Structures are given as C-alpha cells and as structure tokens.
Amino acid sequence: ESGEGVDGGAGGVKYGKATDLLDFINLVSDMALAERQHLPEEMGVVLNKKEMAVQKGRYQINREFVLFPWKLTYKNPRTGLVPNGSFGKVHLAQDTKTRKRMACKLIPMENFRAADVEIQAKFRHENIAELYGALLWDQKLHLFMEAGEGGSVLEKVDSCGPMREFEIIWVTRQVLRGLEYLHANKVIHHDIKPSNIVLMSDKAVLVDFGLTVQMTEEMYTPRDLRGTEMYMSPEVVLCRGHDTKIDIYSLGTTIIHMQTGSPPWATRFPRTAYPSYLYIIHKLAPPMEDVAEDCSPAMRSFLGRAMERNPTLRASAPELLTHEALHPPREDQ
Ligand SMILES: Nc1nnc(-c2c[nH]c3ncc(-c4c[nH]c5ccccc45)cc23)o1
C-alpha cells in the first residue's frame, strides 16, 4: 500500500524497519501480474533514512537517484579495458541529494524470490552487504545495498592475478566472521565463491543471498542442486542432506582460486573436456593437489581442515578463525 511518505506525501515509497520491508516484499510477491503492470509510480520501503533521501514518497530513477556503470580502478590485462557496466544485474547507484553510492540490483519480478531479500533484511553483520531498501518499479525489484566498489574477488584475481597470502588471509578472516554469524543463526549461504565476495577499502563482504536458506532442523535436504559446481562440497553433490559446513568447504575452494588464479579441478580437468565436475567431486578426494605450490604449511593445514571430506569432522567457522594460518608471525607478511 502506498503509505505516508516521509513528509506526508502520498507517494508509494516510505521509510520503515526490516519488518516493513519484509511485509512489502510479501505484498509484491503476492501481487497479480496485472496489478504490478500498471503501477502509477514506484513503491517500496527504505531502511537507510540517513543516506537515501525519499522526496514526498518518491524515489525515482534519474531524479532522487541515478544508475551508472561501475568504474573499477584496475584494467583487465587481456582486454586492456576497465571492467565497467553492470555486473550481471548489479549497477552502481548514487542518491542525488546525499551523494551516497550504493549497489542497485535489478531483479525482474517474474524470477524474484523473497528469499533473495529476507536473509539480508533479517540478518545484519559488517561482513554481509547491508540492505538499504527495496523498490518496485517498471516490473523490476530494485534492491539497494552496501556497495563494494573494489569489485569482487573474482574480478581482482582475473585482472591482477593470484593474490598474495597476506591478502588471502585478510579476505578469509572477514568471510569467516560473516559465516560465523550466519551459521550461528542456522543460515547456509550456499554459494560462497570469489564473485560473491566484494571488496571495500576497509573490509570484504558477502553478497548474493539468492540461494540462502535458514535451517529448521539439523540437516537441510534440498529439492534441487544449489550452488556453483567448482566450489561445491561432496555432500551437496550427493544430495542426501547437508548443513552449514558446506560453506566452509566452498571457502576452501575459494582460497585455492585466490592463490592460483583458477578454481580447483579446472587445471587438472579442463572444462573443455569435462562439462560437469559433479562426478569428479563425488569420486575423488578433496582437491588438495590444486593448492598453490608456494602455499605456506600453515595455510595448507587450514585448507585440509576446511576441505575435510566428512562434514562432521570438517572445521567450523569459529575453529578456523583461531587457526594459526590466519595469525602469521609479522615477518611472514
Ligand atoms: N550478485 C550480487 N548481489 N548483491 C551484490 C552486490 C551487493 N553489493 C555489491 N557491491 C559490488 C558488487 C560487484 C560485483 N562485481 C563488481 C565489479 C565491479 C564493481 C562492483 C562489483 C556487487 C554487489 O552482487
């Protein structure tokens, strides 16, 4: 419903709390197509009162905010181009009044899942991209979030090559803090990988909660295979139920990608010859052979604990946060 705008305006956008945003998400999810098609103006709930200036219940593109391509600092050595434009459906947005820069993810209503927002609205942590607001306009849900203007770890590795161990340690500690928080709330991210970790000047955050689930029992048994094959744990491939430990395994494979520049398996089993890795992940031992040759003994031990085949024996986020690999003596750096 178009509630009271901030200053009594009758517009469709209002400030609210996470519960108001969740009510809005459920309202639009249940809206019939016909209703959604002819909305007179944008509707939505804004959480970030400080940095998103809603005017008379309006928050319109090219008025209260503008969308423009990401401008990254590094060039892609292969193309020589600065990777810009929207990454998938994620644009850079800027509030025209406060100048606040945000990520704006455009999700066509036909394939919108309330889960994409629920987790980000319900759970807040410094290593999870903060949700600032949600607007429905032109049949697309606009999700405004905290922007990682340094781009994702995938773009960094693709453009700048393998990361040094102290950089990997910096990213891994932040991802583990985010996972420790999610896992303590029985939430499984389900798609931990380099492109879902984005960088700011002072921290790294997890993004893309479209596959996230909150467990109601000790084990989660999916109806479908969720995640990205190269980073998938054996128990997910087996599809007989799994728990939060799958994110720890995917973090292990993500570290291999950060230190070698390629995901596990890809060098030994080129994608051209292997259309699917599910059988390999199921049959072979975890990809310790793909760990970088110059990997420190401590980090190698860390990876062994993170990619332990048996999830009950695999380390948890709190355990790994105390692992010596993440606390190297100064001269190692
Ligand atoms: N799938 C998804 N769901 N939410 C996000 C997201 C939230 N905040 C963000 N900040 C930056 C980027 C981003 C990804 N690649 C990039 C390359 C250059 C610049 C920025 C980026 C993505 C996000 O992404």
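First listed ligand is number 1; within each ligand, the first listed atom is number 1. Worth saying up front: this structure is predicted, and the values here are computed from it rather than measured.
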CZ (Arg124) with more than 12 external heavy atoms under 6.0 Å: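 Count not over threshold, so no.
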Looking at ligand 1, does any of its N/O atoms fall within less than 3.5 Å of an N/O of [X]?
{"X": "Glu155", "answer": "yes"}
{"X": "Gly148", "answer": "yes"}
{"X": "Lys105", "answer": "yes"}

Aromatic centroids of His91 and His142 separated by under 6.0 Å: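 Distance test on ring centres: not under 6.0 Å, no.
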Proximity of Tyr59 and Phe65 rings by center, below 6.0 Å: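 Under 6.0 Å, so yes.
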Side chains of Thr228 and Lys193, donor plus acceptor under 3.5 Å: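 Side-chain D/A pair, Thr228 to Lys193: present.
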Nearest option to atom 14 (C) of ligand 1, as decided by whichever heavy atom of Val198, Asp191, Asn196 sits closest: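 It is Val198 that holds the nearest heavy atom.
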Ligand 1 atoms in contact with Ala147 (distance to a heavy atom under 4.0 Å):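 Those atoms are 10 (N).
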Contacting atoms of ligand 1, where contact means under 4.0 angstrom from a heavy atom of Met145: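 Atoms satisfying the 4.0 Å criterion: 4 (N), 7 (C).
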Under the ring pair (Phe, Tyr, Trp, His ring centres under 6.0 Å) test, residues paired with Phe112 that sit two or more places apart: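 For Phe112 there are no ring pair (Phe, Tyr, Trp, His ring centres under 6.0 Å) partners, ignoring immediate neighbours.
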